[in-house]
Amino acid sequence: MLRIVLLGPPGAGKGTQAERLAAELGVPHISTGDILRQAVAKGTELGLRAKEIMESGQLVSDEIMLGIIRERLARPDSQRGFILDGYPRTIPQAEALDGLLSECAEPPVVIVNMELDREELVRRIAGRRSCPNCGAVYNVYSQPPRRQGVCDVCQAGLMQRADDHEETVRKRLDVYDRQTRPLLDHYAGRLTRVDGQGAPDAVFERLTELVRAAAGLRQGHRT
Ligand code: AP5
């Protein structure tokens, strides 16, 4: 069973790489940001509570997030492993996760931190466009759709995320520095660091190599 926790600041490429890695390893990609955005889109009670918080660049409460992650990790597909993207984001979330994972006797989790300088983070976030219909993610600078503003997969009109506007991005990066960066000390000695610079293919190659080494996997292994 392969369990991976993907850490990194907003825009580091966690979602992009987690999706590819999940397909490569045959485990689910669990993104707390995606779970919250789906709840907002459906207008559920969770979505109504999360919408304003997300749009202001702040974090949803630890209590709500723990409920979400506990429920998601209990589902059958998570029993063969998973890639966590966007959780944990605070020390209490990390402690709660340590508790959840210590309940099973499987080998340790691979914890990866994707690193990228601030200027490139801002550029990537500013250029991100997403499909509200199928969730595909593009970038006007690095991964543009074939037709400007139109999803390659389902032809819906692309949108900018509500929290990707410049002022909110700066706030998200400050929140990251204050509340999430301390996780690097929490996981000190257990952390695999990956340089997020470069084209997505190059980052993916670097990431898979490091994950395989950290997990002791052979090339081509699927769970
Ligand atoms: P979430 O969706 O998790 O956002 P995030 O962590 O801020 O990360 P992003 O989605 O912005 O970036 P990413 O690292 O996934 O980068 P991506 O691959 O898209 O969370 C959103 C909000 O939900 C939070 O602010 C919070 O309010 C709430 N939330 C979520 N989890 C929570 C939790 N646990 N606790 C509390 N609140 C929580 O790439 C970015 C762009 O760059 C894309 O356009 C992509 O195409 C492009 N790109 C990717 N890789 C490359 C590359 N190598 N070269 C060039 N371009 C690239």
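Sequence positions, counted from 1, serve as the residue numbers for this chain. Whatever order the structure lists them in is the order used to number ligands and atoms, beginning at 1.
- Residue pairs meeting the salt bridge (Lys or Arg N to Asp or Glu O under 4.0 Å) criterion with at least one member in residues 53-64, sequence neighbours excluded, are K51-E55.
- For the salt bridge (charged side-chain N to carboxylate O under 4.0 Å, His left out) test with E115, the passing option among R193, R206, R181 is R193; the others fail.
- Contacts classified as salt bridge (Lys or Arg N to Asp or Glu O under 4.0 Å) and involving residues 35-50 (residues at least two apart or in different chains) are given here: D34-R37.
- Through side-chain heavy atoms spaced under 4.5 Å, either directly or across other Ile, Leu, Val, Met, Phe, Trp or Tyr residues, V122 is tied to L116, L121, I125, V169, L173.
- Listed by chain and number, P9, P10, G11, A12, G13, K14, G15, T16, T32, G33, L36, R37, M54, Q58, L59, V60, M65, G86, Y87, R89, Q93, R124, R128, V137, Y138, N139, S142, Q143, R161, D163, R172, G198, A199, P200, V203 each place a non-hydrogen atom less than 4.0 angstrom from ligand 1.
- By the 4.5 Å heavy-atom criterion applied to side chains, L191 and L7 are counted as neighbours.
- Side-chain N or O atoms of Y176 include none that pairs as donor or acceptor with a backbone N or O of P10 at under 3.5 Å.
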